A.B. asks: 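The structure's right below; bear with me while I get my questions together.
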Amino acid sequence: EIYTLSLHDALPIFGADDIINAAEAQGAVSVSGIAEAGSKVSVKLGNLPAKEVTADANGAWTAQLTDLSKVPDGSYDVTATASMDGRAPSAAGVHKITLDKTAPGQPTNIKTNGGDTTISADEAKTGKITFTGDTPTGAQNADTVTVTWNGVSKPGTVTNGKWSVDFDSVPPVPAGQASVPANVTVQAHDKAGNNSTIATQAITVQNSALPSLAAPKIGRASCRERV
């Protein structure tokens, strides 16, 4: 007699998206399903050794997959086969997952809306600042960024390797001081949940309260007559 076995196909069995990122690959990942009660279930992914578990009285089983950090990135079939003494082995249950442990590249070219790294006095008066920047494309592409400025973190969407995030605050500059230094940090994220190293950009904030100097006046030019 041949009996059947199935993985849970209605719901993802790896996290919430059937994608295993670098952090998840460092630990144990659970895979579960249904087989005949008391049967031995052999679960395998890639070139990792098979995990052997026993289905409980209700047929439920769960295997813990480890050492996924040793498996190259890519798409894989997780297979599970049930066996029992005196019975023919089941056909394999199959569930497809993606292993993505490659972190996005570090964000670069971080600028203010003025296209530089200085918030001018006039820009500071508005209280509104836009930060822009780039992220690598290709294998290290990112889908979102988190930008932290003046104690506030905001998300941004990456499109063709570029992002832009708006803020409504500027650090205060002490009275009588021309400017203060401040840092903006940016971290990139991909769909798998991998994170880049954090990029830090120094920003100069000019004092919006200082009075502007009057423009110098230029007098009439004169020259001495040569003898």
Side-chain angles (χ1 to χ4, degrees), residues 6-34 41 43-51 53 60-80 92-111 129-168 183-201:
S6 65
L7 298 177
H8 288 311
D9 292 324
L11 295 173
I13 55 175
F14 292 91
D17 53 9
D18 283 342
I19 301 176
I20 302 172
N21 61 33
E24 293 165 341
Q26 292 297 322
V29 177
S30 296
V31 53
S32 59
I34 298 295
V41 181
V43 183
K44 188 168 177 56
L45 183 153
N47 59 0
L48 295 177
K51 295 288 185 178
V53 295
W61 57 267
T62 299
Q64 301 290 326
L65 300 182
T66 57
D67 295 327
L68 294 177
S69 59
K70 299 177 182 178
V71 180
D73 285 2
S75 178
Y76 293 90
D77 287 336
V78 179
T79 62
V94 180
H95 194 100
K96 190 172 291 295
I97 61 96
T98 298
L99 198 60
D100 180 359
K101 307 186 301 298
T102 302
Q106 187 181 50
T108 60
N109 196 32
I110 302 168
K111 305 290 186 184
I129 297 298
T130 299
F131 290 101
T132 62
D134 301 333
T135 59
T137 56
Q140 291 186 303
N141 70 299
D143 297 282
T144 61
V145 292
T146 298
V147 183
T148 301
W149 166 251
N150 200 25
V152 177
S153 295
K154 288 189 175 184
T157 300
V158 178
T159 303
N160 296 324
K162 296 187 178 299
W163 53 267
S164 175
V165 176
D166 299 327
F167 286 86
D168 296 325
N183 287 333
V184 58
T185 63
V186 186
Q187 186 174 40
H189 321 282
D190 64 17
K191 290 180 180 179
N194 297 303
N195 302 315
S196 74
T197 53
I198 296 175
T200 301
Q201 177 62 59

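Every value quoted in this text rests on a predicted model; they were computed, and no experiment measured them.
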A.B. asks: Would you say Q187's side chain and S196's backbone share a donor-acceptor pair under 3.5 angstrom?
C.D. replies: yes

A.B. asks: So for atom CG, which belongs to N47, do other residues, nucleotides or ligands contribute more than 12 heavy atoms lying within a distance under 6.0 Å?
C.D. replies: yes

A.B. asks: Working note: D100 + K191, criterion side chain to side chain contact (heavy atoms under 4.5 Å, CB included); need CA distance, chi angles, decisive distance, verdict.
C.D. replies: CA-CA 9 Å; D100 180 359; K191 290 180 180 179; over 6 Å; no

A.B. asks: Where is the tightest heavy-atom contact between V41 and A80, given as atom of each residue plus distance?
C.D. replies: CG1-CB, 4.0 Å

A.B. asks: Give the minimum heavy-atom separation between P104 and A142, together with the two atoms involved.
C.D. replies: CB-CB, 3.9 Å

A.B. asks: Under 6.0 Å from the NZ atom of K154, do we count more than 12 heavy atoms belonging to anything else shown?
C.D. replies: yes

A.B. asks: May I have the step-by-step check of side chain to side chain contact (heavy atoms under 4.5 Å, CB included) for L48 and L68, ending in yes or no?
C.D. replies: CA-CA 8 Å; L48 295 177; L68 294 177; 3.3 Å; yes

A.B. asks: Would you give the length of the straight line joining atom NZ of K101 to atom CG of L99, rounded to the nearest 0.5 angstrom?
C.D. replies: 4.0 Å

A.B. asks: Which heavy-atom pair separates V31 from W61 by the least distance, and what is that distance?
C.D. replies: O-CZ3, 3.5 Å

A.B. asks: Is the shortest heavy-atom distance from the side chain of K96 to the side chain of D18 under 4.5 Å?
C.D. replies: no

A.B. asks: Return the minimal non-hydrogen interatomic distance between T146 and H189, and the atom names on each side.
C.D. replies: OG1-NE2, 2.7 Å

A.B. asks: Taking the side chain as C-beta and beyond, is there a heavy-atom pair between V186 and F131 under 4.5 Å?
C.D. replies: no

A.B. asks: Distance check, rounded to the nearest 0.5 Å: T197 atom OG1 versus Q106 atom CD?
C.D. replies: 3.5 Å

A.B. asks: Distance from T66 atom OG1 to Q26 atom CD, nearest 0.5 Å?
C.D. replies: 11.5 Å

A.B. asks: Give, for atom CG of N194 and atom CG of D73, the distance between the pair rounded to the nearest 0.5 Å.
C.D. replies: 8.0 Å

A.B. asks: Run the side chain to side chain contact (heavy atoms under 4.5 Å, CB included) check on K162 and T132 step by step: do they pass?
C.D. replies: CA-CA 7 Å; K162 296 187 178 299; T132 62; over 6 Å; no

A.B. asks: Using 0.5 Å steps for rounding, measure from the CG atom of N195 to the CG atom of N21.
C.D. replies: 8.0 Å

A.B. asks: Can you find a heavy atom in the side chain of V152 that is under 4.5 Å from one in the side chain of F167?
C.D. replies: yes

A.B. asks: Determine, step by step, whether V147 and W163 satisfy the side chain to side chain contact (heavy atoms under 4.5 Å, CB included) criterion, reporting the C-alpha distance in whole Å, the side-chain angles of both residues, the deciding distance to 0.1 Å, and the verdict.
C.D. replies: CA-CA 10 Å; V147 183; W163 53 267; 3.8 Å; yes

A.B. asks: Rounded to the nearest 0.5 Å, what separation is found between the OG1 atom of T102 and the CD atom of Q140?
C.D. replies: 7.5 Å

A.B. asks: Using only atom types and a distance under 3.5 Å, with no angle test, would you say the side chain of D134 pairs donor to acceptor with the backbone of T108?
C.D. replies: no

A.B. asks: Taking the side chain as C-beta and beyond, is there a heavy-atom pair between W149 and V165 under 4.5 Å?
C.D. replies: no

A.B. asks: Kindly give the heavy-atom pair with the smallest separation between L65 and K51, and that separation in Å.
C.D. replies: CD2-CG, 3.7 Å

A.B. asks: Do S30 and T62 have side chains that get closer than 4.5 Å, going by heavy atoms?
C.D. replies: yes

